[in-house]
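Chain letters run A, B, ... following the sequence lines, proteins first and then strands; every chain starts at 1. Heavy-atom basis, side chains included; hydrogens, waters and symmetry copies ignored.
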Amino acid sequence: MVLVQAIIDGILVGTTYALIGIGFTLIFGVMHKLNLAFAAASIAGAFASLVAWQHFKDLPVPLVFLISAAAAGVLGYLIYLTCFRFIPLKSPLATLMATVGMLIFLEEIVTHVSDGKAQNYPGMLPDARWTLGPLDIRVDYILVFAISVAAMLLLLALLYRTRLGIATRAVAQQPVAAQLCGISLDRTNAATFVMSGVLGGLAGAMIGSSAELLSNLLPLQLTVKGLIVTVIGGLGSIPGAIVAGLLVGAVEKGVETWSVLARDLCVMLLIFVFLVAKPAGIFGKLNVRD
Amino acid sequence: MKKSALFLGACALALAGFAAAPASSQQRVIKIAGFGAKTGPVRSFGVNSEAAMRAAAAEINAKGGIKLADGKMAKVEVTFDDDRCQAEDGINLVRRYASSDVLVAVGPTCSNVAEPLFGILQKKVSDEKDSGLRFPIFTDVAVKAGLAQISEWAFRNTPNEPLLYDALFKYLQAKRPELKTIMGGKEGDFAHSKAGWDAVMKVAAPKYGMNIVGEVEWKLTDTTFTTQVREMKAKNPDVIAIAAHPFTLCGVVKEMARQGVKPKLIIGLTSSSSMETMEGCARQVEGAIIPTTFAPVNPEAKRVAGLIAKQKGSADLHSTAAWENVIILKSVIEAAKIDGKPETLAADRRKVRDALAALKETQGLLGVTKRTEDREAIKPFVFVTAKGGNWVVSYDPTKPN
Amino acid sequence: MDYLYGLAQTIGVHTIIGLSAYVVLQTGQVTMAQAAFYAVGAYVSAMLTTLWGLNILIAIPVAALVAMVLAGLAGFPALRFKGLMLVVATMALGEAVREFFFNFDYQIAKGDLKVGPAGAEGFRQIRYFYERGWTTAEVAAFIWMFVIGIMALLWWMDRSRIGAVLRAVGEDELAAQSVGINLTAVKVSAFAIGGAIAGVGGALYAHYTTHVEHTAFGVLMATFAIAYPILGGLSSVFGTLIAVVFIQGLLIQWLPILIGGELRNLLFGLLILLAMNLRPRGLIDPRVARTLRGLFVRSPNA
Amino acid sequence: MLELKGLSKHFGGVRAVDGLDFAVKKGEIVGLIGPNGSGKSTTVNLICGVFPVTSGTIAFGAHDITKAPPHQCLSLGIARTFQNIRLFNELTVWQNLWVAQNSAKHRKERGFLGRWAGGRGQARRSVERYLEFSALAAKRDELAGNLSFGEQRRLELARALAAEPDLLLLDEPAAGMNSEEVGQLADRIRSLKGQGKTVVLVEHVMELVMGVTERIAVLNFGRKIAEGTPAEIQANQAVREAYLGTGAKI
């Protein structure tokens with residue numbers, strides 16, 4: 001029963017991993033580049049909302065979340081401008097390194113804002129619990145789950161139902177052809193960064209909110225977790241990132257009931273299993289033809 | 001080519017600036033260099049230590065300064081550098097001090113900096129062959145047990161955790177005999193937190209009749225603790241001891257509140273008796289008890305806390321140690337009768353070291369601190385309890401009631 | 001002066017770890033495992049000198065060899081992955097090795113105290129240099145002997161056919177195969193050479209800092225290992241050296257003296273960002289590298 | 001010398017190559033043509049071990065190379081060029097030729113130790129020879145990425161030849177060339193015959209195929225629909241239909 005309980009917790013919390021994974025995978029899908037500053041921007045967004053929350057006392061929680069999402073969206077655009085826009089496509093390592101610089105920069109800004117201290121962050125319904133037979137579930141985890149799913153559905157609708165979404169997918173598949181069809185590469189890329197930033201900001205806010213704390217320790221941790229989810233899900237695959245996020249959450253919490261120190265090793269093992277058995281990820285397709 | 005020239009230019013400029021940095025001094029000064037983490041996760045420690053050192057220096061200088069061997073007075077000059085909690089940074093900083101006119105250093109924040117730092121010092125002063133640095137360091141924060149034994153140039157004024165927790169459990173046995181069972185929680189991937197439970201509390205509790213019913217662990221950067229807290233709930237101990245930084249300490253007590261885990265007592269790790277914990281989770285830690293080597297319990301302690309606050313730092317068990325260190329160094333330097341001239345620098349450092357080693361006790365803010373043979377401190381302590389968003393003294397051994 | 005020698009030690013050791021990633025990066029593989037081989041070198045050599053009293057000139061090659069074997073073994077499965085997959089796979093390997101040393105507890109009594117790796121506490125008292133009375137300058141010279149040796153080796157490799165083969169693999173694996181290059185052999189060799197160099201770096205690190213513990217070998221160290229050659233440029237070994245001087249010397253050591261420590265880390269990230277925007281191919285990009293080469297030697301093929 | 005038997009390659013449901021039988025004799029120059037997507041390039045990639053074969057066998061001389069990885073094909077004596085030029089752009093012209101000094105022939109000539117000592121000189125001489133052959137001697141230290149399109153094509157051909165192969169697979173070498181350049185290319189390919197090389201030419205530009213090959217195989221939808229001399233192929237009705245429907249002239 002302990003295990004079942006833990007796995008349910010894991011799946012619920014795993015949605016935030018999924019959101020971070022989607023952020024990485026979205027940018028990778030469109031630009032075929034890695035944005036290592038993404039998770040840091042998500043947490044920085046949450047910190048921006050924290051500052052707002054501290055400044056205007058008793059801001060309602062949904063508004064705090066929106067501020068976080070908006071701030072992270074803006075940061076996403078800034079990352080695009082500083083790390084991608086002006087660096088030639090031929091130098092993928094330069095963009096990678098630039099995002100590392102951005103990661104360090106954002107991490108340090110967060111450290112300065114918080115003075116390196118853990119900060120109280122508003123929780124959603126801090127005392128609500130839902131008892132279901134022997135199971136005991138935190139209502140705010142269910143909220144996290146619901147909000148994440150809603151955000152993912154919104155994203156999918158955006159990608160498949162709007163002009164901007166079609167442009168994004170076109171650029172992801174055939175950048176040159178898309179340009180010839182009059183799609184602005186620059187604008188589409190920027191939009192992708194903003195979209196992923198908004199998702200990340202939401203995830204950052206929910207991670208902080210479910211712990212009721214924010215800390216400058218989070219960015220690096222979340223970057224690693226996001227990369228793991230992205231790889232297991234398959235590069236550029238949004239459904240893959242969702243399933244992988246839930247899977248990683250469930251495995252973490254499940255293993256935790258046995259040993260905390262083995263937890264991270266088991267996640268690493270999970271990567272190896274996937275890399276060997278299914279190198280393209282859960283839903284990913286390998287590009288075999290050149 | 002132009003851009004690379006720009007870079008070369010910047011490098012040259014930096015070099016030139018560096019070469020010009022050591023300024024000439026007209027007045028006699030004694031330089032005490034502070035260093036610690038001012039960036040990264042433990043930034044607040046460095047900020048507070050710096051404030052405390054500056055406050056102490058201001059106080060000494062206001063009273064005329066430090067008396068040298070020739071009877072002249074010298075001003076104290078305190079500097080503070082950031083080591084980013086990185087071993088190599090700390091080593092390079094201390095090498096820089098040792099090759100400049102700094103007399104003695106106070107620091108560092110992190111044990112993982114202190115360990116290698118003490119390692120590069122000369123191990124035994126009698127060993128002429130040992131090429132380690134001959135430079136005294138008087139540590140204020142790095143708390144890991146037994147570090148000063150690495151070198152005879154290393155001194156510490158840090159809490160001795162085994163003694164503190166021994167006293168705490170002894171006190172609990174006498175005053176709260178209804179507490180029979182204890183469960184521990186620790187950050188398994190952080191040496192100090194891990195040792196705080198494994199080597200300190202876990203050892204002390206059974207000595208005073210408390211029964212260990214279980215232990216859980218988590219990691220430094222975890223944000224969810226549902227599994228661990230459920231285990232606590234299942235074991236239902238009287239006491240829960242949490243050896244962790246404020247970030248996960250707060251995460252755990254918040255989860256405990258959510259799951260309705262209400263132990264009769266929560267015990268925290270010494271460094272958690274800070275305002276950070278209160279900013280993070282004042283409501284949930286209400287009633288928790290922590291042994292600490294500082295609390296504003298007497299007029300002098302209150303006055304110093306005010307002075308440190310004026311320098312934009314907060315007074316806690318670590319930063320007040322930095323204050324004490326500078327004050328102790330003043331009297332040590334005066335007792336050592338140093339000349340304070342550039343040509344006597346090496347001899348002066350040795351004199352300061354010997355005088356520090358000769359100390360049997362020092363005056364601290366909470367009373368007399370005993371110095372041990374292996375250059376560690378046994379500091380007076382109090383127990384503080386979280387109450388209404390503040391840490392209040394619940395027991396002071398010097399004032400038995 | 002002693003301080004500058006000390007700084008030279010840091011720069012030397014970091015140059016070595018950067019060069020270890022340089023070799024692997026040339027084959028187009030972004031590896032996050034260098035910190036793991038660095039750790040292996042550090043622990044193995046420190047155990048040899050401190051626990052069993054071996055000469056450091058024996059300990060370093062042995063440490064390099066162990067790191068090389070491990071890297072070679074890691075290289076085989078790593079062949080399956082490219083790009084981000086490889087980044088994450090090697091990161092997983094690095095973390096696994098770090099976890100191993102976190103739990104690695106093996107001490108023996110030496111006189112009045114026990115020495116050796118003590119799990120999370122780390123491994124202290126690796127005082128080989130200081131016990132033998134080496135001065136700071138001598139230690140710096142010892143470290144730079146290895147730096148210069150490794151740089152000379154890689155400089156020679158760069159100019160020989162091996163270097164061309166490594167770069168060919170890095171640029172286009174299929175085309176490289178079609179001219180008869182055995183990808184497996186080249187990639188595994190690059191991993192192994194990189195591992196051996198990282199092992200040397202780790203061994204020197206352990207001995208100059210006297211203390212090693214698992215926290216020193218995390219993701220951050222692995223990132224720095226690849227950051228140096230990328231920032232410096234993959235066209236010349238001197239790029240890595242210049243990047244290390246830029247980061248360790250300018251940003252970490254001198255910047256706080258010039259502008260105060262508070263702003264240092266903020267600027268640190270920004271300057272990396274700026275450098276990559278201004279010089280996407282590294283501080284020493286191919287053009288500068290060719291000019292540089294022209295200063296020293298005439299075209300090797302003329 | 002090269003023999004494909006029942007060779008098939010399926011990508012999911014797509015049968016890119018479907019039961020292809022095809023043989024090349026030593027010293028021949030053979031053309032492989034067909035409309036877009038007919039499986040020509042896939043066939044080249046299968047021979048070179050780029051894709052795993054779904055079914056069928058590939059034999060080269062006495063060796064079964066069905067499962068051989070690409071680099072092994074080269075050391076047995078098969079070299080290739082690519083449809084979209086794949087040079088090492090960051091290496092110089094000279095280095096591009098130098099890395100190709102890899103085949104079994106080179107190794108045999110130099111022996112084990114010779115690879116370190118005398119082999120270097122020999123390899124350098126071989127590189128010089130192909131620099132001359134491709135008329136790129138003046139640009140030896142230029143980065144390959146900076147060459148013009150035509151020069152890049154020449155360099156790629158030279159790089160394949162520098163491996164001293166017995167069989168050369170050319171994947172659309174004339175794509176994007178003007179007719180003057182195609183003429184020069186035709187001369188080069190013909191001169192290869194004189195050196196005793198066997199050539200398989202995959203091509204769209206009929207001017208070239210008809211001009212230099214002795215025998216042509218035509219693919220459509222992964223199957224061989226015709227084989228014969230250039231004249232026979234030009235007269236073949238099935239081939240015309242495959243290309244442009246009925247009545248087309250090729």
[Y] side chain reached by [X] side chain, heavy atoms, under 4.5 Å:
| X | Y | answer |
| --- | --- | --- |
| Gln228(B) | Val260(A) | yes |
| Thr224(B) | Asp9(A) | no |
| Lys225(A) | Thr221(B) | no |
| Arg258(B) | Asp140(A) | yes |
| Arg230(B) | Asp136(A) | yes |
| Asp222(B) | Glu252(A) | no |

Considering only heavy atoms and a distance below 4.5 Å, find which of [options] pairs most often with chain A.
| options | result |
| --- | --- |
| Val216(B), Thr227(B), Leu249(B) | Thr227(B) |
| Ala257(B), Gly251(B), Cys250(B) | Cys250(B) |
| Glu217(B), His245(B), Glu231(B) | Glu217(B) |

Top residue by heavy-atom pair count (under 4.5 Å) with chain B, among [options]?
| options | answer |
| --- | --- |
| Leu220(A), Asn120(A), Thr257(A) | Asn120(A) |
| Val2(A), Ile207(A), Leu217(A), Val13(A) | Leu217(A) |
| Lys253(A), Gln119(A), Lys117(A), Glu256(A) | Lys117(A) |
| Leu213(A), Thr111(A), Asn216(A), Leu218(A) | Leu213(A) |

**Q.** Residue Glu212(A) versus chain B: region with a heavy atom under 4.5 Å
**A.**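 When you check distances to chain B, atoms from both the backbone and side chain of Glu212(A) fall under 4.5 Å.
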
Q.
Does any backbone or side-chain atom of Leu214(A) lie under 4.5 Å from a heavy atom of chain B? Answer side chain, backbone, both or neither.
A.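 Contact with chain B is through the backbone of Leu214(A) alone.
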
Q. Side chain, backbone, both or neither: which part of Phe225(B) has a heavy atom under 4.5 Å from chain A?
A.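 The backbone, not the side chain.
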
Q: Heavy-atom distances under 4.5 Å only: say whether Glu255(B) touches chain A with side chain, backbone, both or neither.
A: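 The answer is the side chain of Glu255(B).
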
Q: Go through the steps to decide whether Lys219(B) and Gln221(A) satisfy the test side-chain contact (heavy atoms from CB on, under 4.5 Å), and finish with yes or no.
A: CA-CA 11 Å; Lys219(B) 292 194 172 182; Gln221(A) 175 76 359; over 6 Å; no

Q) Among residues 270-285 of chain B, which ones touch chain A with a heavy-atom distance under 4.5 Å? A)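 At a heavy-atom separation under 4.5 Å, chain A is reached by Glu276(B), Glu279(B), Gly280(B), Gln284(B).
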
**Q.** Spacing of OG1 belonging to Thr223(B) relative to CG belonging to Leu222(A), to within rounding of 0.5 Å
**A.**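 With rounding to 0.5 Å, OG1 (Thr223(B)) is 8.5 Å from CG (Leu222(A)).
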
Q. Is atom CG of Leu89(A) surrounded by more than 12 heavy atoms (other residues, nucleotides or ligands) closer than 6.0 Å?
A.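 Open.
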
